[in-house]
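Note that the coordinates shown come from a computational prediction; the quantities given were computed from them, not determined experimentally. Only heavy atoms go into these numbers, but all of them, side chains included; no hydrogens, no water, no symmetry mates.
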Amino acid sequence: MAEVYIRVAEEENEEPMEIPSEDDGTVLLSTVAAQFPGACGLRFRSPVSQCMRGVRLVEGVLHAPENGWGNVVYVVNYPKDNKRKMDEIDASSAVKMKRGDMKTSDLIVLGLPWKTTEQDLKDYFSTFGEVIMVQVKRDAKTGNSKGFGFVRFTEYEAQEKVISQRHMIDGRWCDCKLPNSKVNMIHCFYLQQGPDEPLRSRKVFVGRCTEDMTTDDLRQFFMQYGEVTDVFIPKPFRAFAFVTFADDQVAQSLCGEDLIIKVHLSSIFL
DNA sequence: GTTGAGCGTT
């Protein structure tokens, strides 16, 4: 599919702005967010059903509806009641993504041979990029290696490459990972909450479902509120479903709402 | 003087 421009506006009846697609016909959410800070998705009015429909969003990539993007005006979705906060989050993450200057982290190196020294580590990892720190963890008394260590690169690209593969170091296969401490920090960043806060639910209960509702129906419907990461419908039919969003705030905002889905009325609870 | 999933004295 060739590059096209899709028409996007804050509201249905407002002057649309043309946003470029990628070579494969998809549109990046980051491209939309560059013009509409805080955007979390797109929706449009189906010419057939006259209902608003969500645009499929998977990991930041917006996918065209069945018959292509067409000439309809796409309307920007914002996280409900949370525009300001998302502005800040998106701005900071967008800057990091665009400039490619994501900060590197120490990486834990697991499975090192007992004999491996820090010089060995530096020599090995320097083939991936500039190394700014290596450590081999040792027993304080004996000085024996504990069989693991840490490494840090200057370039984020080198870090990604190193994490993505296994490493043969001095005759043993080793793994490089983000240390748990950092993984927790990253989780907190994406969940927009502190490490001590109780986990906020990203999943809503959808009551009064009808048997003709498919997971795709529910996904299409709820995408207008934010990125849907999972839809679960119990089998056999039990008249309810669970919909999980990428953003817990979207889930919170839908709590208590009554929504018309495929003509029927469903009630939303957490 | 050993070992083989894990998570960092400064």
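- Cluster note: A/Met52 groups with A/Val75 through ILVMFWY side-chain heavy atoms spaced under 4.5 Å, whether in direct contact or through intervening members.
- The residue among A/Thr142 and A/Leu107 whose nearest nucleotide of DNA chain B lies closer to the 5′ end is A/Thr142.
- By the ring pair (Phe, Tyr, Trp, His ring centres under 6.0 Å) test, A/Phe242 pairs with A/Phe205, A/Phe240, sequence neighbours left out.
- With hydrogens and angles left out, the side chain of A/Gln135 and the base of B/dT10 share a donor-acceptor pair within 3.5 Å.
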Point to revise | Sequence-aligned protein contact record of nucleotides 2-7 of chain B, with B where the base is within under 4.0 Å of a protein heavy atom and S where only the sugar-phosphate is | key: -BBBBB
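- Using a 4.5 Å cut-off between side-chain heavy atoms of Ile, Leu, Val, Met, Phe, Trp and Tyr, A/Phe237 forms no hydrophobic cluster with any other residue.
- With sequence neighbours excluded, no residue forms a side chain to side chain donor-acceptor pair (under 3.5 Å) with A/Asn71.
- In this view, A/Arg45 and A/Glu12 satisfy the side chain to side chain donor-acceptor pair (under 3.5 Å) rule, not counting sequence neighbours.
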